[in-house]
Amino acid sequence: MQYLSTRDKSLRMSAAEAIKMGLSRDGGLFTPVSFPTLGTLELETLCQMSYQQRAAYIMERYLEDFRPEDLALFARRAYGPEKFDHPDAAPLRKVNDRTWCLELWHGPTSAFKDMALQMLPQLLSASLRMTGEEKTACILVATSGDTGKAAMEGFADVDQTKILVFYPEKGVSEIQKLQMVTQEGGNVGVCAVKGNFDDAQNGVKRIFSDEAIREELAQRGYFLSSANSINWGRILPQIVYYVSGYCDLLNAGEIKLGQKVNYCVPTGNFGNILACYYAKRMGVPIGKLICASNRNDVLTEFIRTGVYDRNRPFHTTMSPSMDILISSNLERLLFDLSGRDDELVRGYMEKLAKEGRYEIGREMREQLQELFYGGFCGEEETSASVSMMYQYGYLIDTHTAVAAKVLTDYRKETGDTAPAIFVSTASPYKFCDSVLTAIGEKPVKNSLERIDQLQAASGVPAPGRLAALKEKEVRFGQVVRKEQMEKAVLDFLR
Ligand SMILES: *Cc1c(COP(=O)(O)O)cnc(C)c1O
């Protein structure tokens, strides 16, 4: 299978090259030239498999130049009992007769980023081998919390890679900080930046475009790479759980093969829901793709009107991983919906960069609306959604609560009561503060004690690794000014 750029489809790469490069040189995103299909027979086969086997089976279809036994090994390592606290990796929980929740936070950092970031480092390491790359990849990450930890956990001690994470000194939660500064692994580094997330992010971008640093690092045997969700190696592992969720419903006797199931996904950068769209493209009987946003409702508006407009206030919410105004992965959907019109996509992206706005044509909008429903959920409604689910006996986090609410709205508005799965992207224990408040408790002052508090109040056990943070040794304490980030990279890669 070859991969082409969304901004120039004459540019073709092998899977290994696409994963190694991350982003195409023209700024486009790599997309597979075609989608392998899963027919009745394949779905029946997948139903008999474990999550790890399903992952290897689906990835094989897209990564034909990789050895199947390698992919099987990667999947066992990524989703095995050492990393995941549930044998199904992505278990389905029944909420009521027509509604299920796909829990994607049973991995090492208790957020759904693990589903992809446990796999990407292994795919990257293999890609380096396959393309004859001799240099070591150094992953630079600027994080506002979740991604940095999940990336380190995935890259820790992976061959031919190193990873350095920058986080804003005062811009992450106490728990997120502790998760990062206690990270183990011989190839990882963590550095706080005096400033906010933008300072850290701009610093990383500056380093990426600094020719002198690149040259210096090349001489030392390194090249810079990134682990964010535009890399095909992050999207692909996410397709698996949408197929897997369908298989689990079949296995439980809840649906018949061929029956349509709707998915509702809490969305930020559009990576997660794009993977769901790809699963549908592969032939999995998925009905509506319900795109759930928080108060930052740029995608809701886009799906309803065909106008993407980022010129609007940015809201900080209790579902911070969805506080995004530029959903990068939407570009891949536009490419597909336009019949792979690279020129058109390039035009939209230029407009977005220049004016912060673009509008798609009528035909594309109608297609978009046929496939997707967009809805959003404000702050009070998010809190109410956590509280309501809790009364039904299910403790969920704020991001998941957005999805639960938008699914209810969708059903009311359209009368479509088909079986539906909403996606749970984080453990409630990652957002103790908002969750405690929502269920009527007053959060105690110390953030680690809030884990115990939520556990005592709800009776739901906290993920082992979060509960064990207290005992972990702090390994990293470096704090730099934003101008010193270059030096921090050079020191890290001595
Ligand atoms: C990253 C993240 C999201 C958003 O996922 P996208 O792929 O960016 O749409 C939602 N919830 C949580 C908890 C996340 O960490």
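Worth saying up front: this structure is predicted, and the values here are computed from it rather than measured.
The residue from Phe30, Trp232, Tyr62 that alone fulfils the ring pair (Phe, Tyr, Trp, His ring centres under 6.0 Å) condition with Tyr3 is Trp232. Under the salt bridge (Lys or Arg N to Asp or Glu O under 4.0 Å) test applied with Lys430, the options Asp397, Asp114, Asp146 reduce to a single match, Asp146. With Leu337 as the fixed residue, the side-chain contact (heavy atoms from CB on, under 4.5 Å) test singles out one of Leu344, Ile360, Val345, Leu371: Leu371. Among Val284, Leu249, Ile286, the one residue that satisfies the side-chain contact (heavy atoms from CB on, under 4.5 Å) test with Val261 is Leu249.
Under a cut-off of 6.0 angstrom, the local environment of NZ in Lys482 is sparse, with at most 12 non-hydrogen atoms contributed by other residues, nucleotides or ligands. Heavy atoms from other residues, nucleotides or ligands lying under 6.0 Å from CD of Glu82 number 12 at most. Within 6.0 Å of the CD atom in Glu184, the count of heavy atoms belonging to other residues, nucleotides or ligands does not exceed 12.
Note that the CG atom of Leu71 and the CD atom of Gln52 stand 13.5 Å from one another [nearest 0.5 Å]. Separation of atoms CZ (Phe376) and CG (Asn294) is listed at 10.0 Å; rounding is to 0.5 Å. The OH atom of Tyr308 sits 5.0 Å away from atom CG of Leu299, with the distance rounded to the nearest 0.5 Å. Between the CG atom of Leu330 and the OG atom of Ser328 there is a distance of 9.5 Å, given to the nearest 0.5 Å. From Thr6, atom OG1 reaches atom CG of Leu29 across 4.5 Å, with rounding to the nearest 0.5 Å. Between the CZ atom in Phe476 and the OG1 atom in Thr182 there is a gap of 9.0 Å [rounded to 0.5 Å].
With no hydrogens or angles considered, no side-chain donor-acceptor pair links Asn269 and Asn329 at under 3.5 Å. Side-chain contact, Ser110 with Ser427: no donor N or O sits under 3.5 Å from an acceptor N or O. Under the 3.5 Å distance criterion, with hydrogens and angles disregarded, no donor-acceptor pair is assigned to the side chains of Trp105 and Thr425. Side-chain polar atoms of Ser5 and Asp26 form a donor-acceptor pair below 3.5 angstrom. The closest side-chain donor-acceptor pair between Glu17 and Ser14 falls under 3.5 angstrom. Defined by atom type and a distance below 3.5 Å, a donor-acceptor pair is present between the side-chain atoms of Arg54 and Ser244. Side-chain atoms of Arg475 and Gln183 include no donor-acceptor pair closer than 3.5 Å. In this model, no donor atom of one side chain and acceptor atom of the other lie less than 3.5 Å apart for Asp88 and Tyr241.
For the pair Phe372 and Leu333, the minimum side-chain heavy-atom distance is below 4.5 Å.
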message: What verdict does the salt bridge (charged side-chain N to carboxylate O under 4.0 Å, His left out) test give for Arg206 and Glu486, after you've listed the backbone C-alpha separation in whole Å, the side-chain angles of each residue and the deciding distance to 0.1 Å?
response: CA-CA 9 Å; Arg206 204 170 61 224; Glu486 280 83 354; 2.8 Å; yes

Verdict with supporting geometry, Ile175 and Ile451, side-chain contact (heavy atoms from CB on, under 4.5 Å): CA-CA 10 Å; Ile175 294 203; Ile451 294 178; 3.6 Å; yes

message: Using the rule given for side-chain contact (heavy atoms from CB on, under 4.5 Å), can you reason through Leu217 versus Leu490, listing the C-alpha separation, both sets of side-chain angles and the distance that settles it, and then say yes or no?
response: CA-CA 8 Å; Leu217 293 181; Leu490 291 169; 3.8 Å; yes

Stepwise side-chain contact (heavy atoms from CB on, under 4.5 Å) test for Val165 and Ile139: CA-CA 8 Å; Val165 170; Ile139 315 295; over 6 Å; no

message: Test salt bridge (charged side-chain N to carboxylate O under 4.0 Å, His left out) on Arg61 and Glu42; report intermediate values, then the result.
response: CA-CA 12 Å; Arg61 299 301 198 78; Glu42 282 95 348; 3.6 Å; yes

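Using modelled atom types, one side-chain atom of Arg214 and one backbone atom of Phe208 make a donor-acceptor pair closer than 3.5 Å. Remark: side-chain polar atoms of Gln48 are not paired, donor with acceptor, to backbone N or O of Thr45 under 3.5 angstrom. With hydrogens and angles disregarded, a donor-acceptor distance shorter than 3.5 Å links the side chain of Ser50 to the backbone of Gln53. Judged by distance alone, with hydrogens and angles left aside, the side-chain atoms of Lys83 form no donor-acceptor pair with the main-chain N or O of Ala78 at under 3.5 Å. Using modelled atom types, one side-chain atom of Thr143 and one backbone atom of Gly148 make a donor-acceptor pair closer than 3.5 Å. Distance alone, capped at 3.5 Å, is enough to place a donor-acceptor pair between the Asp323 side chain and the Thr317 backbone. One N or O on the side chain of Asn251 and one on the backbone of Cys47 form a donor-acceptor pair closer than 3.5 Å. Of the possible donor and acceptor atoms, none in the side chain of Thr400 sits under 3.5 Å from a partner among the backbone N and O of Ile396. Proximity of a side-chain donor or acceptor of Gln176 to a complementary backbone N or O of Ser173 within less than 3.5 Å is detected. In this structure, the side chain of Gln160 engages the main chain of Lys135 through a donor-acceptor pair within 3.5 Å.
The pair Arg340-Asp336 counts as a salt bridge, with a side-chain nitrogen and a carboxylate oxygen less than 4.0 angstrom apart. The pair Asp342-Arg7 does not meet the salt-bridge criterion, since no charged nitrogen lies less than 4.0 angstrom from a carboxylate oxygen. Ionic pairing of Arg346 and Glu331 is not present here: no N-O contact between side-chain nitrogen and carboxylate oxygen is shorter than 4.0 angstrom. Under the 4.0 Å criterion applied to side-chain N and carboxylate O atoms, Lys94 and Glu254 are assigned as salt-bridge partners. Under 4.0 Å is where a charged nitrogen must lie from a carboxylate oxygen, and between Lys288 and Glu370 no such pair does.
Taking the six-membered ring where tryptophan is involved, the planes of Tyr263 and Tyr242 are perpendicular, since the angle between them exceeds 60° and thus also 30°.
The shortest heavy-atom contact between Ala200 and Val193 is CB-CG2, 4.3 Å. Counting all heavy atoms, side chain and backbone alike, Val204 lies closest to Phe166 at CG2-CD1, 3.8 Å. For Ala137 against Ser225, the heavy-atom pair with the smallest separation is CB-CB, 4.5 Å. Listed here is the closest heavy atom pair of Arg465 and Pro108: CD-O, 3.2 Å. Taking each heavy atom of Val406 and Cys291 in turn, the nearest pair found is CG1-O, 4.4 Å. Pro419 and Trp100 make their closest contact through CB-CZ3, 3.9 Å (heavy atoms, listed as atom of the first residue, atom of the second, distance).
Taking the six-membered ring where the residue is Trp, the centroids of His399 and Phe112 are separated by 6.0 Å or more.
Both the sub-6.0 Å distance and the 45° axial angle are satisfied by Lys162 relative to the ring of Phe492.
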